[in-house]
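Below is one structure; the comments refer to it alone.
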Amino acid sequence: MRPAPTILHLDMDAFYASAEQAAKPSLRGKAVVVGGLGPRGVVATASYEARRLGVHSAMPTAQARRLAPNAAYLVPRFSLYRTVSDQVMELLGRLSPLVEPLSLDEAFVDLEAGGTADDSASARATGEGLRTAIHAVTGLSGSVGLAGSKMLAKIASEEAKPDGLLLIEPGTERELLAPMSVRILPGVGPATGDHLRRAGMTTVHDLAEAGEAELVRLVGKAHGHGLYRMALGLDDRLVVAERDAKSVSVEDTFDVDLHDRVRVRAEVERLAVRCVERLRAADRSGRTVVLKVRRYDFSTLTRSETLRGPTDDPTVVREAAGRLLESVDTTGGVRLLGVGVTGLADYTQEDLFAQAADARELAQRAQEHSSPPVEGGEESVPEPEPDSAELLAARRWPAGHDVHHEEHGHGWVQGSGVGRVTVRFEEPWSAPGRVLTFRVDDPLLRPADPLPLVRDAADYSSWPASLPKSRSGADSSGGGESSP
């Protein structure tokens, strides 16, 4: 624990949904749900308006539609989210060399290491300046927690939501934590929380009073020791600038179980190519290819193959994934497929380009020795069922994605079906726009890149040398010091 609250935790508010509202004037102040829109889709983020209706992250989209039938349901636009995330992380990097990103919208910052704060007053000024800068550059809001440890800083930012700041003064940790639910502590999920509840422990105060020995008896030595320390507000973890990814993977859940073996293989090959695209975007290569298959009965199988050395060759990864698929029984149907690469490295082995050819040769030899000849000289392979026109339209015109019309300008897809696509024409800085419907094959309509959320962003090139005036007014306090 530090004697000053110089660890900052930033968490952007309802990030995906807020970015969509900022980009689409007609959705501001309305319920917005971002996630998978198919029958098996899952909510990624819900706006605060949707949360008031009971919608939350990780909820099945079908359930969300029952709770909020009039909400706007949008497919994620990760290119936009990454752009905004880069802007936010660049601001954080000006505060300290020690920035620990946890996701696109969340990070820890060691203000002391950057010399931007050494006491409560300077930490608060830096936190408020950061919130102001983020709003000016991205148009979005983020909540800030400040404390002497990572655990408490994260709890503080959660308590400050939405669009607030909470500073926990050193020495007040136990008093603040005592009445809170045990679920506020890192590592206490539903199962552990329920186990503790049955033992009569529902608050952090209960854990501290129970003592370390009792917690070890209930949840085991490693978890019990850590749980007791957290209940006392103790956390010595450092802010780590580099959080090296251990793997890169992509996966898709299908609206309808896939039964056709050729279609399954085609999807695996498509996922392998996407996986390599992510791998190359991160300037990495990997040695082990992993295939994940979730079958119709929710049983999940994983298979892996380790190569002679690291690669970022799409052909190598695609064919390795195809070989792994051969060992999996997909007779009953497949609901999810995933391809990943582990054993990451910063280089590729020069002779790996030959692996694809080697693998093809080995596979051909094995087939020649083990497979009976096929009548007519070729094996009869059924053609995969073609996608429906509705599915093809949904893939080309995902709800919420950007389009450009030669006559009407920039807009976004409200929906598509029966050979039509409906578009609302508006920009982040315009008034709510009008809605028009076109044929899905209209030659004047094409997909487009997202527009910036702020057209004339303020110049923050000198920040934080001179911290701007805070957006918030007078501070309110309670259990710590906070400002909305």
Of all heavy-atom pairs linking Leu271 and Val250, the shortest is O-CG2, 3.2 Å

Residue set satisfying side-chain contact (heavy atoms from CB on, under 4.5 Å) with Ala199, at least two apart, ordered chain then number -> Leu218

- Side chains of Trp412 and Glu426: donor-acceptor distance under 3.5 Å anywhere? yes

Would the distance check show the side chain of Ser327 and the main-chain N or O of Leu324 forming a donor-acceptor pair, the cut-off being under 3.5 Å?
yes

Quick check against the 3.5 Å criterion: does Arg183 have a side-chain atom that pairs as donor or acceptor with the backbone of Val188?
yes

Review point. Salt bridge between Asp86 and Arg82, side-chain N to carboxylate O under 4.0 Å?
Key: no

Note: Thr203 and Pro179 closest approach over all heavy atoms is CG2-O, 4.0 Å

Output for pair (Ile184 CD1, Glu159 CD), nearest 0.5 Å, gives 5.0 Å

Looking only at heavy atoms, the pair that brings Gly187 and His223 closest together is O-NE2, 3.6 Å

Contacts of Glu251 meeting side-chain contact (heavy atoms from CB on, under 4.5 Å) (sequence neighbours excluded), chain-then-number -> Lys292, Leu336

**Report entry** Backbone of Ala64 reached by a side-chain donor or acceptor of Tyr73 within 3.5 Å
**Finding:** yes

Correct closest heavy-atom pair for Arg284 and Leu344 would be NH2-CB, 3.6 Å

Quick note, salt bridge (Lys or Arg N to Asp or Glu O under 4.0 Å) partners involving residues 203-220, not counting sequence neighbours, are Glu214-Arg217

When rounded to the nearest 0.5 Å, the distance separating CG of Asp257 from CG of Asp297 is 9.5 Å

Note to self: Taking the basic N atoms (NZ, or NE/NH1/NH2) and the acidic carboxylate oxygens, is any pair closer than 4.0 Å for Lys150 and Glu100?
What the structure shows: yes

Return yes if some donor-acceptor pair links the side-chain N/O of Thr126 with the main-chain N/O of Thr116 below 3.5 Å, else return no. yes

Q. Can you find a heavy atom in the side chain of Lys154 that is under 4.5 Å from one in the side chain of Phe108?
A. yes

Open item on the list: Taking Pro76's backbone N and O only, do any of them form a donor-acceptor pair with His401's side chain (distance below 3.5 Å, no angle check)?
Closed with: yes

Indicate every side-chain donor-acceptor pair of residues 27-36 with a distance under 3.5 Å to a residue at least two apart or in another chain.
unit_1: Arg28; atom_1: NE; unit_2: Gln21; atom_2: O; d: 3.0
unit_1: Arg28; atom_1: NH2; unit_2: Ala22; atom_2: O; d: 2.6
unit_1: Arg28; atom_1: NH2; unit_2: Pro428; atom_2: O; d: 2.6
unit_1: Lys30; atom_1: NZ; unit_2: Ser26; atom_2: O; d: 3.3

Contacts of Glu305 meeting side-chain hydrogen bond (donor to acceptor under 3.5 Å, both in side chains) (sequence neighbours excluded), chain-then-number -> Arg323

What one should report as the nearest heavy-atom pair of Asp255 and Gly38 is OD1-CA, 3.3 Å

Under-4.0 Å salt bridge between Lys161 and Asp13
yes

Residue set satisfying side-chain contact (heavy atoms from CB on, under 4.5 Å) with Ser57, at least two apart, ordered chain then number -> none

Exercise. Determine, for Phe254 and Arg40, whether the Lys NZ or Arg CZ falls below 6.0 Å from the six-membered ring centre while staying within 45 degrees of the axis.
Key: no

* Would you say Val289 and Thr311 make side-chain contact, with heavy atoms under 4.5 Å? -> no

Rounded to the nearest 0.5 Å, the CG atom of Leu165 sits from the OG atom of Ser157 at a distance of 10.0 Å

The salt bridge (Lys or Arg N to Asp or Glu O under 4.0 Å) partners of Asp329 (sequence neighbours excluded) come to none

Of Asp118, Asp236, Asp110, the one forming a salt bridge (charged side-chain N to carboxylate O under 4.0 Å, His left out) with Arg2 is Asp110

* If we only count heavy atoms from C-beta on, is the Leu451 to Trp429 side-chain gap below 4.5 Å? -> yes

inquiry  = Counting C-beta onward and ignoring hydrogens, is there a side-chain heavy-atom pair between Ile7 and Leu146 closer than 4.5 Å?
reply    = no

**Asked** Is Arg274 paired with Asp252 through a side-chain N to carboxylate O contact shorter than 4.0 Å?
**Response** yes

Notebook entry, point to check: Just checking, any donor-acceptor pair under 3.5 angstrom between side chains of Thr306 and Thr288?
Noted result: yes

Contacts of Val256 meeting side-chain contact (heavy atoms from CB on, under 4.5 Å) (sequence neighbours excluded), chain-then-number -> none

Are Leu234 and Met230 close enough, and set up right, to give a side chain to side chain contact (heavy atoms under 4.5 Å, CB included), and what steps lead you there?
-> CA-CA 5 Å; Leu234 302 176; Met230 289 189 293; over 6 Å; no

Can you confirm whether more than 12 heavy atoms, excluding those of Asp449, are under 6.0 Å from its CG atom? no

Check your understanding: So, the side chain of Ser85 versus the backbone of Leu104: is there a donor-acceptor pair under 3.5 Å, distance only?
Key -> yes

The reported gap from CG in Leu232 to CG in Leu207 (rounded to nearest 0.5 angstrom) is 9.5 Å

Original post:
Side chain of Ser304, backbone of Val290: donor and acceptor closer than 3.5 Å?
Top reply: no

Separation between CD (Glu173) and CD1 (Ile155), nearest 0.5 Å, reads 10.5 Å

TODO: Taking atom CD of Gln63 as the centre, report whether more than 12 heavy atoms of other residues, nucleotides or ligands fall under 6.0 Å from it.
DONE: yes

Ring pair (Phe, Tyr, Trp, His ring centres under 6.0 Å) filter on Tyr81, not counting sequence neighbours, yields Tyr16, Phe78

Discussion item. Regarding Asp312 and Arg280, does a basic nitrogen lie under 4.0 Å from an acidic carboxylate oxygen?
Written reply: yes

Carefully, step by step, assess Glu427 and Arg455 under the rule salt bridge (charged side-chain N to carboxylate O under 4.0 Å, His left out).
CA-CA 10 Å; Glu427 298 174 337; Arg455 179 164 53 180; 5.2 Å; no

CG of Leu291 to CG of Leu337, rounded to nearest 0.5 Å, is 7.0 Å

Examine the side chains of Glu158 and His9 and answer whether a donor and an acceptor come within less than 3.5 Å of each other. no

Margin query: When you measure from the side chain of Tyr460 to the backbone of Val137, do you find a donor-acceptor pair of N or O atoms at a distance under 3.5 Å?
Written below: no

Stacked cation flag Arg335 on Phe298, 6.0 angstrom / 45 deg
yes

Sorted by chain and number, sequence neighbours left out, side-chain hydrogen bond (donor to acceptor under 3.5 Å, both in side chains) with Arg66 holds for none

Smallest heavy-atom separation, Val204 atom then Val182 atom, equals N-CG1, 4.2 Å

Main-chain N/O of Asp163 paired to Ser143 side chain as donor or acceptor, under 3.5 Å: yes

Would you say Ser141 and Ser18 make side-chain contact, with heavy atoms under 4.5 Å? no

Is there a donor-acceptor pair closer than 3.5 Å between any side-chain N or O of Asp235 and the backbone N or O of Met151? yes

Sorted by chain and number, sequence neighbours left out, salt bridge (Lys or Arg N to Asp or Glu O under 4.0 Å) with Asp105 holds for none

Residues passing the side-chain hydrogen bond (donor to acceptor under 3.5 Å, both in side chains) test with Arg52, sequence neighbours excluded, are none

